[in-house]
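Residue numbering restarts at 1 for every chain, and letters A, B, ... go by the order of the sequence lines.
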Amino acid sequence: MSKVITPKEQDYSQWYNDLVIKAGLADHSAVKGCMVIKPYGYAIWERMQAVLDGMFKATGHSNAYFPLFIPKSFFAKEAAHVEGFAKECAVVTHYRLKNSPEGLVVDEDAKLDEELIVRPTSETIIWNTYKGWIQSYRDLPLLINQWANVVRWEMRTRLFLRTAEFLWQEGHTAHATRQEAVEEAEKMLNVYAEFVEKWMSVPVIKGTKTASERFAGALETYCIEAMMQDGKALQAGTSHFLGQNFAKAFDVKFLNKEGKSELVWATSWGVSTRLMGALVMTHSDNEGLVLPPQLAPIQVVIVPIYREAEQLAKINEVVSKLTRSFDADGIRYKYDSDDNRSPGWKFAEYELKGVPVRLAIGPKDLEKGTIEVSRRDTRTKEFVPIEGVEKYVKNLLGEITENLFKKAVELRTNNSHKVDTYAEFKEVLEKQSGFVWAHWDGTAETEEKIKEETKATIRCIPLNNPQEEGKCVYSGKPSKQRVIFAKAY
RNA sequence: CGGGGUGUAGCGUAGUCUGGUUAUCGCGCCUGCUUUGGGAGCAGGAGGUCGUCAGUUCGAAUCUGGCCACCCCGACCA
């Protein structure tokens, strides 16, 4: 074994780091807090992008691109927004370097009149621009998305989960009415939930954030929350109803049908490369990655087993029929006939990389007319007649997708607890982690106290949450519904 | 940003306490032959500013100080 992964039972953080690095998804870079996304990791991200982009287009959105740099004065216009992001902004102050006796230095003569902020998010530059795009109700709704990188100067970083620079998409929409904007925010939350559940096989809970967890500048923040295998919560996507806050700050008005001037209503929504972290931490095991077939860069790997060139030639013949059929079905495969690696090495390597299905074919198979089919999720294998194996594989890919989702739901169910006393609450979080469904009195004070004492935060108030009479687990005050508490990434 | 730890070949490491020939071993890499149904074997070979900068010393991977990076734990956050 040349690539040893720390077992997750021993050290979950280390297990995650080992997976990301050893499976070739990403690496630490020479730049503090920034990562290099390697080809295999980027291929998965590209799959995510392609699917999401299609979903955005299907819901009427267009892509555009706004500047990386935001003048400080723009940034300062929305008070809550500034408050939320000021502590983690990279700032550009000069535009030139020069040679000096000490080497290359910043040229103090090249100081910018106004500093530029490297975008931590683009609301301000976008709303400044929208002012010029919107005059009449006929210009609405304005439905724009951008794929971009953003920078948030984080103290402590983790590959994919929190890096100083990350890749994401940010949608920014403008609407004539409050209701339409709220509907947009909810619609995009549903798009995210569908993507994460159907394509990533990661179950999520849709909900809203409490005031303290809300996006800086939003009236309502919607989120989807997933549970990782260690029981911690991970926010997989957010969608914000921004009210008229940015319209006010940037004076974005439109003339309605009656000829009266009104402020527009706004939303923004985003998912990031953090989804890669969710993907890894939801399905993978101690042997390596486990990728859902829908996003796997390679869905099927074919490994030939042979002694002589003659045998390989026969195998090639069988395989080429197979791959023609895969081509026709749009199945992403790799035929690895590399002579320098033994079959055993390849088996281990593709397991590490999370390839959902492996086909092995050797002399014995040629004799019997079978092929060995192994599935990554259950680590089981069986011999299947070569005749019709294409169909078998196609079904298997679907089955794996479902099984991954089912297993993730089971994990979440087994680690979700309804509790009614604070003693129980603390016990669950200490001993088992997971989601805790508990009554909460709705105050920020209680939320803060619980966070201080248990490190658990309110992940969300689920949408369509069943209403029931109860008492706040902390204060004993009356409550009408349970909310989800958990430790979070 | 605070506390703790680590840094020696692409990767993992010995050596560091107690300074002293040519810096150890395994994996990987290159060449050749044999192999191939769960990380192959043998033989030969290449690869090092010992994180970095300065200091102490006749002599530094080893001692001292600064800096950098990464990991773990906390505070902050997607």
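A/Tyr350 has its OH atom 17 Å from the P atom of B/G39, to the nearest Å. Taking atom CG of A/Asp365 as the reference point, atom C1' of B/G37 lies 8 Å away to the nearest angstrom. Spacing between atom CD of A/Glu308 and atom P of B/U34 amounts to 12 Å, rounded to whole angstrom units. What separates CZ of A/Arg376 from P of B/G38 is a distance of 17 Å, to the nearest Å. The distance between atom CG of A/Asn340 and atom P of B/A40, rounded to the nearest whole Å, is 12 Å. Spacing between atom CZ of A/Phe215 and atom P of B/C76 amounts to 20 Å, rounded to whole angstrom units. Taking atom OH of A/Tyr306 as the reference point, atom C1' of B/A40 lies 14 Å away to the nearest angstrom. When rounded to the nearest whole Å, the span between OH of A/Tyr489 and C1' of B/C73 equals 14 Å.
Across all strands, A/Thr238 comes closer than 4.0 Å to no nucleic acid atom at all (heavy-atom distances). Within the 4.0 angstrom heavy-atom criterion, base atoms lie near A/Asp339. Residue-level contact check: A/Gly288 touches neither bases nor backbone, having no heavy atom under 4.0 Å from any strand. Within the nucleic acid shown, A/Phe166 comes within 4.0 Å of at least one base atom, counting heavy atoms only. Residue A/Thr457 is out of contact with every strand shown, counting any heavy-atom pair closer than 4.0 Å. Residue-level contact check: A/Pro304 touches neither bases nor backbone, having no heavy atom under 4.0 Å from any strand. A/Leu161 comes within contact range of at least one nucleobase, with a heavy-atom separation under 4.0 Å.
Here A/Arg459 pairs with A/Glu213 in a salt bridge; the nearest charged N to carboxylate O distance falls below 4.0 Å. Contact check on A/Glu349 versus A/Arg341 returns no salt bridge, with no Lys/Arg side-chain nitrogen under 4.0 Å from an Asp/Glu carboxylate oxygen. Between A/Arg376 and A/Asp285 a salt bridge is recorded (basic side-chain N to carboxylate O distance below 4.0 Å). We find that A/Glu351 and A/Arg358 are joined by a salt bridge, their nearest charged nitrogen and carboxylate oxygen being less than 4.0 Å apart.
Results of the side-chain hydrogen bond (donor to acceptor under 3.5 Å, both in side chains) test with A/Ser212 over A/Glu447, A/Glu448, A/Lys451 single out A/Glu447 as the only residue that passes. Tested against A/Ser268, the residues A/Glu170, A/His172, A/Glu123 include a single side-chain hydrogen bond (donor to acceptor under 3.5 Å, both in side chains) partner, A/Glu123.
Aromatic ring orientation, A/His61 versus A/Phe56: perpendicular (interplanar angle above 60°, classes split at 30° and 60°). Ring pair A/Phe246/A/Phe250 is parallel by interplanar angle, where below 30° counts as parallel and above 60° as perpendicular. Between A/Phe166 and A/Trp168, the ring planes lie perpendicular to each other; the angle is over 60°, past the 30° to 60° tilted range. Using the six-membered ring where Trp is involved, A/Tyr422 and A/Tyr474 have ring planes that are perpendicular, over 60° apart on the 30 and 60° scheme.
If you check B/C71, B/C76, B/U36 against the side chain of A/Arg307, the one that comes closest is B/U36. Closest to the side chain of A/Arg162, out of B/A75, B/A40, B/A78, is B/A78. Relative to the side chain of A/Glu154, the nucleotides B/A78, B/C70, B/U35 differ in distance, and B/A78 lies closest. For A/Ala348, the side-chain atoms get nearest to B/G38 when compared with the rest of B/U36, B/C70, B/G38. In this structure, of B/A69, B/C71, B/A40, it is B/A69 that holds the atom nearest to the side chain of A/Lys32. The listed nucleotides are B/C77, B/G37, B/G38; the one nearest the side chain of A/Phe383 is B/G37. Among the nucleotides B/A75, B/U36, B/A78, the one closest to the side chain of A/Arg156 is B/A75. Side-chain atoms of A/Trp345 lie closest to B/G39 of the nucleotides B/C70, B/C73, B/G39.
Residues passing the salt bridge (Lys or Arg N to Asp or Glu O under 4.0 Å) test with A/Lys209, sequence neighbours excluded: A/Glu225.
B/U34 and B/A46 have their C1' atoms separated by 23 Å, with the value rounded to a whole Å. Distance check on atom C1': B/U35 versus B/C42 gives 11 Å, rounded to whole Å. Separation of the P atoms belonging to B/C67 and B/C1 is 11 Å when rounded to the nearest angstrom. Here, B/U6 and B/U64 have their P atoms 13 Å apart, quoted to the whole Å. With C1' as the reference atom, B/U57 and B/G20 are 12 Å apart, rounded to whole Å. B/U8 and B/U62: their P atoms are spaced 14 Å apart (whole Å). Nucleotides B/C25 and B/A43 are separated by 15 Å at their P atoms, to the nearest Å. For the P atoms, the distance from B/C33 to B/C11 is 31 Å, rounded to whole Å.
The base of B/G38 lies close enough to the side chain of A/Lys381 for a donor and an acceptor atom to sit less than 3.5 Å apart. The base of B/G38 is paired with the side chain of A/Arg358 by a donor and an acceptor separated by under 3.5 Å.
Residues A/Phe347 and A/Glu88 both approach RNA chain B. Their nearest nucleotides, taken by heavy-atom distance, put A/Phe347 toward the 5′ side. Comparing A/Lys455 and A/Ser272, the nucleotide of RNA chain B nearest to each residue sits closer to the 5' end for A/Lys455.
For B/A40, the OP1/OP2 oxygens have a side-chain nitrogen or oxygen of A/Ser342 closer than 4.0 Å. For the pair A/Arg152 and B/A78, the criterion of a side-chain N or O lying under 4.0 Å from OP1 or OP2 is not met. Between A/Arg341 and the phosphate of B/C29, there is a side-chain N or O to OP1/OP2 separation shorter than 4.0 Å. A/Asn17 has a side-chain polar atom (N or O) that falls below the 4.0 Å cut-off from OP1 or OP2 of B/C72.
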Based on Watson-Crick and G-U pairs with both distances under 3.5 Å, what dot-bracket line describes RNA chain B 5' to 3', crossing pairs as [ ] and inter-strand pairs as |? ((((((((.[[[..)....(....]]].((((((.....)))))).....[[[[[..)....]]]]])))))))....
